[in-house]
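Working notes, beginning with the structure itself.
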There are 2 protein chains.
Amino acid sequence: MATIHDVAKKAGVSVTTVSRVLNNRGYISEKTRNNVFRTMEELNYQPNELARSLLRKQSNLIGLIIPNVSHPFFSELASYVEYYAYQQNSKVLLCNSHMDPVKEKEYIEMLKRNRVDGIIMGSHTLEVDEYRNLNSPIVTIDRQIDENIPFISSDNYRGGQLATELLIQKGCRKIAHICGNLKLNMLANQRTQAFEELTGRHNIEHVTIQTDMNVFDQKQYEHIIHTLLQEHPDVDGIFSTSDIIAAFAIKECVRAGKRIPEDVRIIGYDDVNAANWIVPEITTVKQPIEEIGRLAIELIRKQLEDESFERQNILPVKLIERATT
Amino acid sequence: MATIHDVAKKAGVSVTTVSRVLNNRGYISEKTRNNVFRTMEELNYQPNELARSLLRKQSNLIGLIIPNVSHPFFSELASYVEYYAYQQNSKVLLCNSHMDPVKEKEYIEMLKRNRVDGIIMGSHTLEVDEYRNLNSPIVTIDRQIDENIPFISSDNYRGGQLATELLIQKGCRKIAHICGNLKLNMLANQRTQAFEELTGRHNIEHVTIQTDMNVFDQKQYEHIIHTLLQEHPDVDGIFSTSDIIAAFAIKECVRAGKRIPEDVRIIGYDDVNAANWIVPEITTVKQPIEEIGRLAIELIRKQLEDESFERQNILPVKLIERATT
DNA sequence: ATTTATATGTCAATCGTTTGACATGTCAAA
DNA sequence: TTTGACATGTCAAACGATTGACATATAAAT
């Protein structure tokens with residue numbers, strides 16, 4: 001690959017001059033500028049960003065750690081994160097932690113070795129301390145680690161409320177709730193909290209089932225819902241904390257000969273694209289995925305540029321009524 | 001951040017010694033080694049990969065250019081690519097081209113500036129020449145650019161054959177085929193070729209409809225299928241070249257009051273996870289997505305290490321019969 | 001006593017780029 | 001004629017690591 005020296009030599013100017021046109025500094029005549037640019041094209045020159053980053057102490061890399069991109073929610077998030085990163089000339093390093101603490105730690109160290117400008121954590125399995133002395137800009141999605149580490153989440157409590165209220169209002173008498181692992185200290189647990197408070201207050205029979213949601217084990221989903229329907233055949237409402245699990249709920253209900261929404265009403269969460277192409281279309285609580293992605297990039301940038309920023313970013317959710325309720 | 005000099009000073013040894021323990025070269029006593037490692041931990045030292053990459057002329061970065069990670073096929077592919085990259089200590093730079101030639105070109109240049117070890121192209125909109133003088137290891141997915149650029153695809157012709165044969169064998173009399181934009185020179189077009197040859201040979205009425213499949217415009221899918229069913233109400237078989245479009249086909253058929261598979265038989269392509277959680281479960285032609293991802297990484301590595309490798313990698317497909325046929 | 005393996009250090013170059021300091025020269029305006 | 005804006009060059013240091021060449025020292029083996 002051509003270096004700046006090759007360009008300088010071929011263009012018959014000094015390296016400093018080439019650098020000057022590259023970075024638009026100091027005085028450069030139109031003639032020289034064009035000459036240099038032409039030479040760059042001829043040599044197919046691309047400045048070495050590794051060298052630049054080394055000097056500038058800025059890599060323009062952003063690490064994105066998520067459980068798995070193959071999960072629709074995270075794939076959509078990743079897509080938006082990449083989109084907004086690109087807008088500000090940053091690149092995204094993709095890391096699938098598979099919710100494995102060892103991998104997560106290795107990824108964090110890898111990202112530090114690569115001197116990323118910031119880390120977006122959509123996965124969180126480590127001890128709080130591990131994140132504290134990271135001394136790299138960071139933002140977490142749906143996990144509140146510490147007073148100082150900014151997080152983005154949607155209004156989980158409100159979401160749980162909207163979903164539960166809808167089912168109650170539609171007349172459900174026994175509602176099942178499928179959520180992630182409550183031991184993980186995730187803000188999404190507030191959905192469950194809202195669910196239990198509301199069903200309790202309205203005195204509605206309810207059952208809560210935990211899954212390892214984020215590892216995205218489809219066999220497990222199937223099994224859990226199958227068991228649920230067997231053990232509680234009188235369930236007439238299901239509030240699932242992800243659209244994908246809601247899809248499996250639909251599948252199992254159909255298999256069990258139950259009609260949706262007549263016999264069982266189902267509501268999901270997230271409003272991923274898939275919620276829309278499934279029949280019946282899934283009623284769900286929409287998370288503003290694009291805004292989450294956009295804001296994540298913005299928060300990294302603000303930390304980098306020492307602008308002030310909110311520690312707590314709770315975005316609004318919205319009930320999307322479709323065919324399963 | 002601590003540098004190797006900080007470690008050396010604090011540990012009371014020379015920089016060379018630290019480098020030696022870091023890279024396991026030359027003689028190092030157990031005592032010094034431990035001392036150095038301890039110091040690294042204390043300082044939270046992580047070697048600067050930018051500096052290393054600069055010197056070694058190897059960044060351990062791999063660029064992945066795809067239309068959009070939010071498309072299930074590409075999200076699964078990305079997941080596997082990242083998985084296998086990680087196994088060999090490479091990191092993945094995620095790039096969503098949105099099938100925009102300008103973006104694609106900018107991404108390629110960006111990746112070159114970052115001195116990636118290789119590029120995996122799942123998107124391809126540029127002129128052939130642009131790829132030729134890339135002088136970076138590259139591998140394309142489902143696109144044959146040139147004799148010298150290795151590609152990976154599954155056996156598209158065979159896949160088209162399997163799908164069409166199944167529909168014919170099930171007794172379909174008028175089959176619709178929905179494919180991507182045939183103007184793009186993609187290997188997936190062979191599916192269409194197989195479809196047209198087989199329906200022709202069996203003298204079966206058929207209609208082929210193109211979409212901008214890769215841009216993943218769901219409104220467009222919906223509209224196309226809606227129109228199809230209106231213009232050809234007697235269609236009793238649909239072969240869609242992606243599972244997602246098949247899902248929309250299901251949706252529109254249900255909406256039109258058609259039973260699946262009794263009135264219309266539908267077969268998709270890819271066998272993405274979603275094919276499995278939709279009701280009715282989608283019959284499909286399975287592409288070995290994991291193997292494609294694995295092989296892509298392997299081909300980059302082989303080019304890098306000057307091992308020999310196949311230019312043409314055509315992987316087997318498999319018919320997965322489920323509920324829609 | 002000599003050799004040799006082990007252990008560590010010093011020094012300098014290198015990767016590709018940026019940048020500040022400084023020198024030199026041209027040309028036009030005051 | 002002097003001043004100052006414009007244009008370009010030379011030089012060296014810096015970013016953080018690696019590495020080869022070479023020196024030196026200790027301890028164990030012959």
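In what follows, chains are A, B, ... by sequence order, proteins preceding strands, each numbered from 1. Any value given below was found using the heavy atoms of this structure, including those in side chains, with hydrogens, waters and symmetry copies removed.
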> For nucleotides 16-30 of chain D, read 5' to 3', which letter fits each nucleotide if B means a protein heavy atom sits under 4.0 Å from the base, S means only the sugar-phosphate is that close, and - means neither?
Replying inline: BBBB-----------
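- Remark: A/Y27 is not in phosphate contact with D/dA7, judged by side-chain N or O atoms under 4.0 Å from OP1 or OP2.
- Atom-to-atom, NZ of B/K112 to C1' of C/dG16 comes out at 17 Å; the value is rounded to the nearest Å.
- The line from CE of A/M99 to CG of A/L184 is 5.0 Å long, rounded to the nearest 0.5 Å.
- Note: A/Y83 and B/H98 have perpendicular aromatic rings, judged against thresholds of 30 and 60 degrees for the angle between ring planes.
- Direction of the helix axis in the helix from C/dA1-D/dT30 to C/dA30-D/dT1 shifts by 40° between the two five-pair termini, rounded to 10°.
- Using a 4.0 Å heavy-atom criterion, one finds that A/S53 contacts no nucleic acid atom at all.
- Between A/R38 and A/E41 there is no salt bridge, since none of the side-chain N atoms of the basic residue sits less than 4.0 Å from a carboxylate O of the acidic one.
- For B/S29, no side-chain nitrogen or oxygen approaches OP1 or OP2 of C/dA7 to under 4.0 Å.
- Whole-Å rounding puts the B/E49 CD to D/dC15 P distance at 19 Å.
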Would you tabulate the nitrogen or oxygen pairs shorter than 3.5 Å linking the protein to nucleotides 28-30 of chain C?
none

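- We find that CD1 of A/I28 is positioned 13 Å from P of C/dT19, with the value rounded to whole Å.
- To the nearest angstrom, P of C/dT6 lies 14 Å from CD of B/E30.
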